[in-house]
Protein chains: 2
Amino acid sequence: MDFEPLGLATDLVILTVRDGRLQVLLIRRGIPPYRGRWALPGGFVRPDEDLETTARRELAEETGLSAERIHLEQVATYGAPDRDPRGRVVSVAYLALVPDLPAPVAGSDAASASWVDATDVLDDSGRLAFDHHRILADGVERARAKLEYSPLATAFCPAEFTISELRGVYEAVWGLPLDPRNFHRKVTKTRDFVAPIGTTTTRDGGRPAQLFHRGTATTLHPPMTRG
Amino acid sequence: MDFEPLGLATDLVILTVRDGRLQVLLIRRGIPPYRGRWALPGGFVRPDEDLETTARRELAEETGLSAERIHLEQVATYGAPDRDPRGRVVSVAYLALVPDLPAPVAGSDAASASWVDATDVLDDSGRLAFDHHRILADGVERARAKLEYSPLATAFCPAEFTISELRGVYEAVWGLPLDPRNFHRKVTKTRDFVAPIGTTTTRDGGRPAQLFHRGTATTLHPPMTRG
DNA sequence: CTCCTTGTCGTCACTATGACGATAAGGGGT
DNA sequence: ACCCCTTATCGTCATAGTGACGACAAGGAG
């Protein structure tokens, strides 16, 4: 077989929740095209490298987060013939959800990587290079949808978290406030969503809160409801 | 830029509901590799051709269904280095939902294309070439999930349909029986799911049934529930 | 000790749902 | 013409889930 010239890349939508806001990791491009513009982290797939392997490698290079337990999933593939001025480059987008850990951007490969408010970027469709605005929009929408029917919000949390911290994740990702009492009832009544540790914490102030860890569920019955 | 040798293809999971069963369009491969085995229709992306354009072209070639109104959506991309013995071939899978029209396979490009029961194929993981069993599984699961929260079941129906015919689609795709009375209530009460035409039909026997067409909704509130 | 903050439980009205009875309105057979 | 069979459609009822919100619990700060 001989093939047409074509590049294959992966781009990453790396999301976290910091200071109660949904943030995305962006890098400032140091080389053309789109030099000086913000872009999603990404890179070319190496020969004999699986797509997800490429994505995990990029994730590690850009963030220092090499842990296998980071949630990573494929979102979509973008292949418009003119999406990259260098030639035909098809990009497979992945979504990564990471907890708000210390030293996240440290050890990063890209010259200048930083966390940016996702809503700010989404509001300005010209801010990102290539078709990355669309990729980001699709990634964020995927995350919002998954929070409804999967326990994935816990991927944004440390291993042990309170119900309020989990609520903060939902509020940040969905961008709307939730009733603390109904949220508490819903989460604790949904089978295997979270399981109590038995200990409490006062790190959020106020009355000590129970600590929980992720449950065993892969799908939420019934789902959480947005708006 | 120079690129590693790599082929880019699209594969199609084309689903329909015939005789109350979910069926998938398969072709019998006439050339190696996997000669004589069943496979999903597909083909290579041409230079300067958009991915979805490729998928629509393949859809037209294999089924004669060139209508733009056929529902087509991207499902996922498969890129394991060894998934194709001919070399590195990355495949973008698309899901097409087509109504049970007359003369579907006629005018087809592939030597032998035919509708096969999806459940039969899914039950036998060795029946399909390449990693097509996984692609089919992912495509069918996508269809099942979308029937819950989108009005996409109507994509399997002709322009005008009865509630029972719509129920038949749900039963076939989900593989479980639904209560006709509750289903009727649910569908007619979900805003903009379907809209009555005003006329009736007796083509399904029994008491004449109202005819409906698709409503304007893109998401169902509340969703249909499986099981 | 008091106030302030957050956590947790409870109440209540309303909606959605599953199970299922009952009636409507055609077609086919005799 | 009539009866029966089939499917359509409406209704009932008990129950689960949800949004709105009151009330109390249990720490820390001043």
Side-chain angles (χ1 to χ4, degrees), chain A residues 19-20 147-149 151 153 157 160-172 174 176-213 217 219-227, chain B residues 19-20 147-149 151 153 157 160-172 174 176-213 217 219-227:
Chain A
D19 307 320
L147 256 55
E148 292 187 33
Y149 59 87
C157 297
E160 303 183 352
F161 52 87
T162 69
I163 301 292
S164 293
E165 289 161 0
L166 187 63
R167 177 166 49 85
V169 168
Y170 275 90
E171 293 177 328
W174 285 350
L176 43 84
L178 298 172
D179 184 281
R181 297 155 293 186
N182 291 339
F183 184 85
H184 189 281
R185 176 183 61 191
K186 182 71 170 286
V187 168
T188 52
K189 281 197 171 181
T190 300
R191 278 178 52 99
D192 301 322
F193 186 1
V194 298
I197 293 284
T199 54
T200 61
T201 181
T202 58
R203 66 190 179 209
D204 300 317
R207 171 174 166 180
Q210 287 281 331
L211 280 169
F212 294 79
H213 58 256
T219 315
L220 302 182
H221 299 290
M224 308 294 290
T225 48
R226 210 188 323 187
Chain B
D19 307 321
L147 257 55
E148 293 188 32
Y149 58 87
C157 297
E160 302 183 354
F161 52 86
T162 68
I163 301 292
S164 291
E165 288 161 1
L166 187 62
R167 176 167 49 86
V169 168
Y170 275 89
E171 292 177 329
W174 285 350
L176 44 85
L178 300 172
D179 184 281
R181 298 156 292 186
N182 292 338
F183 183 85
H184 189 282
R185 175 181 63 191
K186 181 72 171 287
V187 168
T188 53
K189 282 199 172 182
T190 300
R191 279 180 51 98
D192 301 323
F193 188 1
V194 297
I197 292 284
T199 54
T200 62
T201 182
T202 58
R203 65 190 179 209
D204 300 318
R207 170 176 167 181
Q210 287 281 332
L211 280 169
F212 294 79
H213 58 255
T219 316
L220 303 182
H221 302 289
M224 308 294 291
T225 48
R226 215 190 315 189

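With sequence neighbours left out, the ring pair (Phe, Tyr, Trp, His ring centres under 6.0 Å) criterion links B:Tyr149 to no other residue.
Contact between B:Thr219 and B:Pro151 at its shortest, heavy atoms only, is N-CD, 4.2 Å. The two residues A:Ala153 and A:Leu166 have their closest heavy-atom pair at CB-CD1, 3.7 Å. For the pair A:Ala172 and A:Gly20, the tightest heavy-atom approach, listed with the atom from each and the gap, is CB-O, 3.4 Å. The shortest non-hydrogen separation linking B:Thr225 to B:Trp174 is O-CZ3, 3.5 Å. Taking all atoms of both residues into account, the shortest heavy-atom contact from B:Glu171 to B:Leu178 is OE2-N, 2.9 Å. Counting all heavy atoms, side chain and backbone alike, A:Val187 lies closest to A:Met224 at CG2-CE, 4.0 Å.
Legend: salt bridge (charged side-chain N to carboxylate O under 4.0 Å, His left out) pairs involving residues 179-189 of chain B, not counting sequence neighbours, sorted by first then second residue: B:Asp179-B:Arg181.
Look at B:Lys186 and you'll find a side-chain N or O under 4.0 angstrom from OP1 or OP2 of C:dT17.
One interatomic measurement links the two molecules: CG of B:Asp179 to C1' of C:dA16, which rounds to 15 Å at whole-angstrom precision. Whole-Å rounding puts the B:Arg226 CZ to C:dG18 P distance at 14 Å.
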Under 3.5 Å between N/O atoms: give me all the protein pairs with nucleotides 9-15 of chain C, atom names plus distance.
unit_1: C:dT11; atom_1: O4; unit_2: A:Arg185; atom_2: NH1; d: 3.4

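In this structure a side-chain-to-backbone donor-acceptor pair under 3.5 Å is missing from A:Thr202 to A:Gly205. With A:Gln210 contributing its side chain and A:Ile197 its backbone, the two residues share no donor-acceptor pair below 3.5 Å.
Note: B:Phe183 and B:Tyr170 meet the aromatic proximity criterion, with ring centroids under 6.0 Å apart.
Heavy atoms of other residues, nucleotides or ligands lying less than 6.0 angstrom from CZ of B:Arg203 number more than 12.
Residues from residues 160-170 of chain B that place a heavy atom under 4.0 Å from any atom of DNA chain D, listed by number: B:Ser164, B:Arg167. For the segment residues 198-213 of chain B, residues with any heavy atom less than 4.0 angstrom from an atom of DNA chain D are, sorted by number, B:Asp204, B:Gly205, B:Gly206, B:Arg207, B:Pro208, B:Ala209, B:Gln210.
Note that the first and last nucleotides of DNA chain D, 5' to 3', having any atom under 4.0 angstrom from a heavy atom of chain B are D:dT6 to D:dT12.
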Exercise for the section: Carefully, step by step, assess B:Leu211 and B:Thr200 under the rule side-chain contact (heavy atoms from CB on, under 4.5 Å). Expected result: CA-CA 5 Å; B:Leu211 280 169; B:Thr200 62; 6.0 Å; no
